Structure formats: structure tokens, C-alpha cells
Amino acid sequence: MGLLYNVIGIAGTAKNTGKTTTTNYLLDMFKKKGFSTGLTSIGYDGERLDNVTGLPKPRIPVSVNTTVAVARRCLPVSTARIQVIKETPISTPLGNIIIGRVEKEGLVVIAGPNKSSDLRIIINELKTLDLDIILVDGALNRLAPMVETEGFILATGAARSPDITRLAYETHSIAYLFGLPQLKERLSTEITVQNGFRKKHRMGFASLFTNRQLFELLEHLTSETKRLEIPGVVQEKLWKQLGEHIISNELNFDICVADPIKLALAGGVGNIHRLFERLENYGVKLLVAQKLPLVAVTVNPFFPKYRFEAQDYEPAYVDAVKLVETVDKVISVPAIDIKRNGDILFKALFTGQT
Amino acid sequence: MTEIKKVLLAPLDPVHDIGLKMIRRGLEEAGHKTYLLPPDLPVEEIIQEIIDKEAGTVLISRTLGYGVAELLSRFVDLVDASGLRDKVTLGIGGMAVRPELAAELGFDAGFGPGTTVEQAVAFVEGREISKEDTGVKKDKQDITSSYSYKFINKSMGNKLEQVAGQIRKWAKDKTSPGVKRAVAREELWDVGRWRNRKGNDEFDKEYPHLCGEQPKNYYLKGELHPKTRRFTREEVIALEEFLQETKERIMLSKVQHVKSRPVIFNQYGTGCPFMDIGHIKASEAWGADGVVHFDPSWGARTEGFFDGFLTHQEDGTVITPANLNRIHGALEPSTLWQVRAHRGLNTPETVILAGKLGADMTKINMCYGSLGAGTDPERLTVDGYHAIRYAIQYGMSFDVVTNEELAGVPAHKAFAGMLIVSTLGVMLGGKPILQPLFAYSPEAMVGEQMEGNYVDFNAAKIYALKNIIDAPIWPGAPIGFLTQTEDRVQSAMSTGLHACLASSLGVDAISIASSDEAYSGGPISVPSKTDTLKAVQEGFRFFGSTGISPSGKAEQWGERLVSEIDKVIDDVLQTGDFVQALYDGNLGTREEGAYPGRAGRDTVEHTVT
């Protein structure tokens, strides 16, 4: 039984959705299996109290079979003894990133590369060390650097929204976007309209952030259009206008975006999802150039409840069983409450589905 | 000339873009091109601006609040997903922003309160900003170094030297249990061996027999003082964790504005060294330059010290080597540390312990200790004499308090005592610091010198001392004593104003209380510590290099004080013996509230040679 992915990201939809708990669960399971594990983060994790809410957070215990890629200033605040084996030139607000081996188990604070290109370099460094698995711990609701992983676990929960129905729909939408079919071709670096065979118009920009850009693009979309390639990000309201334009002008072509993360970052994933389903009903095909498999979803009933009168946060919970069941029903990958049935997550890493 | 950068300044806050405007000025002066965006633009529009302006750096300002972290990290994600992240560096500034938070949000740097324009420019130009650069740099200050200790009032100086000479001659060949313990601590107790838990055999054997009942029982039977207990293992681990984390992220600040003096001291002494360390770290972060250790009152009446890391259930933190050592280890390198030795049966040994464990200063005054704090005058004169010698040996300056004023002793008598002890200190080669009270003292209440204002009588004290001797002055302790009430705003305001008066009078240091100190009904709180540090800081900011002008009465009272002090010294000379003068009331009578203490009575012996 082999691992399906060698580089796994743990991303969240918000703070306190259970990324650290998921990471800790995996670290522990891999330790029990005797795996050598690489660990880095795209944010800052392992601290005692949350940097924003001030509430206590789970710490990150690491064992001797672990290699970490963390900022220099994480070392003195970690209780694990870490032997630095390599310095990298990648800088962060907490110093340059070092690669280090855990020599004595203990707690670790992890701050790692903060952008995709740096994460790629760090993952490649870790890959040279012959590790069984590399884990990339996420930060807040950040997704962009996860494009460098081979698959990711999404942590969501009441911290994102204590409204279970809304949360389930959003998770369903995310799973939809990450399940879009793949176009096995490289995209152009600019938004490109293909009108008929070999007739390509390059727009001169990669993303759509302004109405002006959208209007320029719409001028080039005709009944001849076969494909629209979008390598960057399109703002949610511009997606909506683009979609309306396609439907009202009865256009029909393929839309290909670089990867599902760029869709998830557009704005409300629920709205994007609804629009795409409408477009699909009109025969428009939606594709991604690079797939990023969603391995599983972990759901956390905890949320920091903001007290307006005191201007601080207090811990609160939603119904855990109802939360897992509701989310599980609407997605094709498993939804897991890590504290109760983490083993399902572990199986998913080996078999893809349960 | 560094490369010209294009910098986008984006205030995400609806109102607070003043920081960015200041940074913009600095950047433009350095020749960079800046674009200040209107406040509160949607993040997508900011990204479009990055593309349009081909900006190489984006500085965002935003106060943290509900949901803001998610908004900021979505911005960073969008920059990344739009393929721009390798072309721009991202900085975030605002209240509550720290490097850890910047790392979590995915920014390249984070700037919290106190960031200078220079630091922001350095970031834009890609120069290294070290942690040290982002905070205020502080060095330990020696407030005694610029003083000659020469008498300005020569005739009074002459008389003071006669009295001091008499004390020196009298005390030289005398000893006491306190002095014997000090000798043992000095000669037989090696701090390095103690730290490495190797034990000091000879000391361990001898010391218990030099102690009173309770410390003796501790060493021989392991019994602790009934009001103390040892910290548990869990508590020690928690303290170490707390300290490590706090030291990692602490950023020092300064209370002073345009003048470097007065140096600001805060006292601690909740009884619990862990809580003290928390208080000390807060004091340091809010700008205190030094901290003063307060021990419990029973410590002054007990012959000998306990050892162990002990917490005390009442006010005052027990002096033990372990307690002092832990507290010393918690201090920032720039923080001055004073351990008071002035008033009890352990005076000389306190000085040695403090010296061996790294203290910078101590506090010694036989007059206050014997007239206001319950120690026998004869005993404390012997102990004080030796304590001064040890302070000199360990390079510690010491202040000479006049807190007997609080009991009702008039200022001129308290000052005469302070000047006698200070003169003895100078004679032995030491660096005493004069500590007059800035207080609404009983003398002033009855005599109505403070009926119209708090300025003139306090100013008179400083004028008087400055006309007598060229020595450092450190009003205390704390300033504004008996003016503060249970109302925290009133209390902090009063401290702030007294501090401004002190600054205006050009003194070297001040001790300030927390705003709940007089009425806490328990341990003082950290917010009330920051109250007064902030109040003083704001006062210094307000007055800058200008000052407060006392009325003509201050000079007049100052002159009167000098002549009254002179008369007191004449009386002491007349008595012919300093210890007798203390008993006789030359330096404060029983009617004035000065009661010669009884602790340690009849324990002074002649040294056998």
C-alpha cells in the first residue's frame, strides 16, 4: 500500500478551522508508521496563543524522524532540538529559512516560505533528502502556494461559518471547483481568445480586475470563439458579467483556467459554482490546465466567538456530529472530524477514496 | 545612490493613513516614486494598481480587527495567484502588527507601533532590518557618573564630614550577627558553585548558626517560613516558557522625550517572583529604565535569609539567592536593577547577595531604617557602615531614602540624616544618590506648604540639595506619595505631573508607582503599571524641553530648608555621637513620628582582634 501523494498541503478556509490539528494528526500517524516526514508551513504555526484572537492553540510536537524547513527565529522558540543541515537564501519576516533535522523531540514553531515560488524551492530541497512524505501546513484562509503540492486536505468548520447549511454548500462548491476536468495543455501567459482554428488573440493581461479589461475582452468574443484561456484571476463580479454576456449572446466555447485555486480566490466560491453550473447547462465547458486533487475535508466544530462588548474572543462550538454528516453528504471526498475518526483521513491518503 | 523604487502605499483602513503619509515623505526624500492610494480600496483594485504602476513594493496599513487577517491574507493570495508575487515585496503596518503575524499572513515584513520612517525606507530599499532596529535601543545609564560630590555649602560640608568621621571611627571595630553573616556570604559563598548546584560546604555548615530561629530551621530541618511555599515543577516550566516567549517578542520603549533624564524606576514585589517577572517585563516594554526589588517587612526583622525559589502569600518578594537569580535572569540587558538593603537586620548581606547576583544599585539609610522601619539605631549604624563598604566593593551606587518624612519627620531633619549617610558614603569611596520625597507629607499637610500647589515645596527640596552638594538626585519613592487616590486616572495624572516637575527641576531619576498602588487591596495590576508609565511619557512629550516655573516661595523655602538642615547637623555634632543622636531625636523626635527601632537591639559587639 503506497502513498498516493508525496507532497500534501493542509489548507484552511479560515483561522481556527483545524489545520494544526490535522497536521498534528498526520505527523503522529506517520511517526507510528515509521515514515520520515518533511514539514514546512506557508504561514506561522505552533505558537501558544493565536496571533489574532489571543485564544490558546494546539502546539506542534515533532519526533526525531522529522525534517523541518522553518525560519531561523523559529528555532529559539521551539523546544524540539533541531540540527540545522542547510541554510537557504529564502527570507521571511522571521529570518531566512533553514532546513533542519529534529534531534530531540519537542514542540516546534513553524514559519516557512510565504509565496509559491519559494515554496517550490523548499519542496525541491526537501525532496533531495529522500523523505517518505512532505507536509505543507497552511495559514489562515491562504490557498495560493498550495498549487505547489500534489494534493491537499481542506480544513473547514464553524470558524469559517457557524451556519452548517451554508458551510456545507460552500464546501460542496469548493469540491466542485477542484473537481473540474483537466485540459492537458499549457496555457498562454495572457488571457487568450481563440476564434476558430489557429486564430488567437492575446489580450496583454493575465487577470481580470477591472471593467475596462472585461469590456476589451468581450469585444473579442464572438460566435466563432472556440476557447477562452485565463491564466490569472478573474474577480467574482467580472466572472458574473462574463457569464451573463455568454448566455445572453448565446455564445458557446470552452473556458480554461490555470488551476482551481485561481477560481477559489475570485470571491464567493458559491457564486462561482452556481454560475459555472449555469454555463455548463448552456453547453459551455469549464476546464483547468493543472489539477490539484482535494484529498479530504476535515471539519472542526470549534469557533472563536467575537464578543462585541468586550472586543475579544471566546471559544464556542457547533454540533459536531451534525456538522460532519451534513458536509459529508454533499462532497465526494470524505468529510472527517479529526478528533473522532481521523483514521478515515489516513486511509484516504493511501487509497484516495474510502 | 540606491535604485529608484516604485512604491504603492495602500491604506486599507478607512481612517488611519497618516503613518503611510509620513513614510511617503521619507521615501520621496530618498528619491523613490510613491503612489498613495485612497483609503479602503477593494483588494482587487489594489492589485490592478500594482500592475498599472509596475510597483516593486506595496505597503499596506491596516489596524487589526474582526475578519481583517482573512482579508489581508486573501490579498496576498491574489497577488500570488496573479503571478505578481515574485515582482513585489509586501509590507504590512499597523497596530498589533508583529513579525509573527506578518509571516502568518504571508507578507515579507510587518511593522508595529514605534516603526520609524527610516525602517520603512530600509525595507523598501531591501536593506536588512534587524530585530534590534525595530525597537528602541537602550543602554544602562549610570546616573552618578557626572557628579563630583563636592560640597557647594562648604561650612555645612565641613560639619557633615565631622559627623561622618565620627560614625566611621565608631563603627570600624564593631560587628553584629548581620555583619558576620555578610562576612560568611562574602568569603564562603561562591555564586558559581551555587548556580551549578555544587554546594558551598563551609558556608552551608556555618551559615545556619549565624541565623535566627526561622532561617535556621529551614537549613537544619527544611521548614519554610509559614507564609511561603516553593514553586511547583509545572510553575517553573510555565515561567521559563513565559519568559522565553516574552523575551523573544519584547520591544522596549522610552518614556523620555527630548531629555535623557530622569531615568524611570518602577518597583516590583508582589510576593510572587513569577508575577514580579511579568510586571518587570511589562515595565520594560512600557519604558521603565530600572526596577526596584521590594521584600516583605518580616524580612527586615529576621536574622538571615532562606534559600530556594519561593513565593510569598503577602506583599513583598522574599530575598533568597534563587529568587534574586531568577529575577535577574529575566531582566533585559539595559534594565537597571536595584535591590533594597536599607532598613533591616540583613542590610550588609543583602548588598553582598545583590552584588554577587548582578544588581546595579542598592539602597542604604541608617536614619530611615532605625527611625521609620523598626531597626535598632546602634545595630543599623554598624550594619549600614559595612553595607556601604560592600556596595563600594561590588561597584553599586546606592540611594539614601528619606521616607521617615511619611511618618511626620520634617524634611530638614530627614535631609540632615540623608546628608550624613551620603557624606559617610563619599568618604568611604562610594556613590550615594540623594532621595528626597516628592510627597504630600504630613509636615506639608500641617504646615500648609502645599495648600496652594504641589510645586513649590517639592521644588524647594531640590533647590536646597543642589545648594549643598553636587550629587545625583532621585526623588521618590514613589513620587507623588499621598497625593494619589483610588481613582486610577487621578493617580496616574498626579504621578505624571510630579514626574514633569522632577524633569523640569533637572533631577537624575524618579521612582513611579502604579496607578493602583496605594489602594490595590492586593497585588498591583499590570494595566495600572502601564497607566503611570504612559502618563509620565505623555507628560514628557507635552513639556519637551520647556518646564514648570515654581513661584518665589520655592527659593525662599529652599533657603530656609538649608538653614534648618544646618541647625540639625549642629545638634548632632553637639550630641557628639551619631547613634545617640538617633536615640535622642536630633534627626526626628517621637512626637514627629520617629521611633528608634528595637529589632536587633544589644546585638552589636566589638570585634576581637
Side-chain angles (χ1 to χ4, degrees), chain A residues 13-15 41-45 47-49 51-53 71 73-74 76-77 79 91-95 109 111-112 114-118 139-145 147 160 189 205-210 212-213 231-233 235-238 258-259 261-262 264-267 306 308 311 313, chain B residues 42-52 64-86 88-92 96-111 123 126 128-131 237 240-242 244-245 247-249:
Chain A
T13 54
K15 249 185 176 308
S41 168
I42 60 165
Y44 184 89
D45 206 355
E47 71 276 28
R48 198 165 56 84
L49 298 177
N51 277 319
V52 176
T53 64
R73 274 169 55 195
C74 293
V77 289
T79 61
S91 71
T92 80
L94 299 168
V109 170
N114 60 15
K115 51 188 169 194
S116 305
S117 53
D118 286 348
L140 287 127
N141 52 334
R142 293 186 57 211
L143 267 178
V147 75
R160 169 70 181 169
T189 55
F205 43 80
S207 299
L208 285 184
F209 289 123
T210 63
R212 182 176 48 79
Q213 290 168 326
V233 181
Q235 202 186 147
E236 183 188 334
K237 68 168 191 197
L238 301 180
D259 58 68
I261 285 176
K262 301 204 173 34
L265 286 175
Y306 190 69
F308 285 94
Q311 295 183 12
Y313 298 85
Chain B
V43 288
E44 288 86 355
E45 284 187 40
I46 299 175
I47 289 166
Q48 190 55 46
E49 293 284 349
I50 300 173
I51 298 167
D52 291 348
L64 227 53
Y66 191 63
V68 174
E70 278 83 359
L71 172 81
L72 291 169
S73 61
R74 180 161 174 268
F75 167 72
V76 174
D77 256 11
L78 277 172
V79 174
D80 197 323
S82 314
L84 299 167
R85 191 64 182 89
D86 286 332
V88 287
T89 39
L90 304 177
I92 169 85
V97 172
R98 283 179 292 103
E100 290 80 1
L101 183 71
E104 182 164 3
L105 299 173
F107 283 79
D108 296 308
F111 302 102
F123 170 68
E128 193 86 16
I129 316 167
S130 67
K131 190 197 173 195
I237 292 167
E240 283 170 359
E241 268 190 32
F242 163 77
Q244 192 181 24
E245 279 179 36
K247 279 190 172 182
E248 186 64 25
R249 56 204 267 181

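Naming convention: chains lettered A, B, ... in sequence-line order (proteins, then strands); numbering from 1 in each chain. Just so it is clear, the structure is predicted and the values come from calculations on it, not from any experiment.
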A/L94 CG to B/R98 CZ distance, which is reported to the nearest 0.5 Å: 10.0 Å

A/E236: salt bridge (Lys or Arg N to Asp or Glu O under 4.0 Å) partners, not counting sequence neighbours: none

Atom pair CZ (A/F209) and CD (B/E49), whose distance is rounded to the nearest 0.5 Å: 12.0 Å

Evaluation steps, side-chain contact (heavy atoms from CB on, under 4.5 Å), between A/N114 and B/R85: CA-CA 10 Å; A/N114 60 15; B/R85 191 64 182 89; 3.7 Å; yes

Salt-bridge contact A/R142-B/D77 (side-chain N to carboxylate O under 4.0 Å): yes

Sidechain-backbone polar pair: B/D108 side chain, A/T92 backbone, donor-acceptor under 3.5 Å: no

Selection from B/L105, B/V76, B/L72 maximising heavy-atom pairs under 4.5 Å formed with chain A: B/L105

Heavy-atom contact with chain B under 4.5 Å, split by part of A/A266: backbone

Test salt bridge (Lys or Arg N to Asp or Glu O under 4.0 Å) applied to A/K15 - qualifying residues, sequence neighbours left out: A/D50, B/E104

Contact origin within A/I42 toward chain B - heavy atom pairs under 4.5 Å: backbone

From B/L78 atom CG to A/S207 atom OG, the distance as rounded to the nearest 0.5 Å: 8.5 Å

Most chain A-contacting option - heavy-atom pairs closer than 4.5 Å, from B/P42, B/A102, B/S82: B/S82

Greatest number of heavy atom pairs closer than 4.5 Å to chain B - which of A/L143, A/D259, A/T210, A/D118: A/L143

Whether A/N141 side chain and B/E70 backbone form a donor-acceptor pair below 3.5 Å: yes

A/K237 and B/E44, any side-chain heavy atoms less than 4.5 Å apart: no

Nearest heavy-atom neighbours spanning A/P93 and B/F107: CG-O, 3.2 Å

Heavy-atom pairs under 4.5 Å with chain B, option from A/A139, A/S117, A/A111 with the top count: A/S117

Proximity breakdown for B/E45 and chain A, heavy-atom pairs closer than 4.5 Å: neither

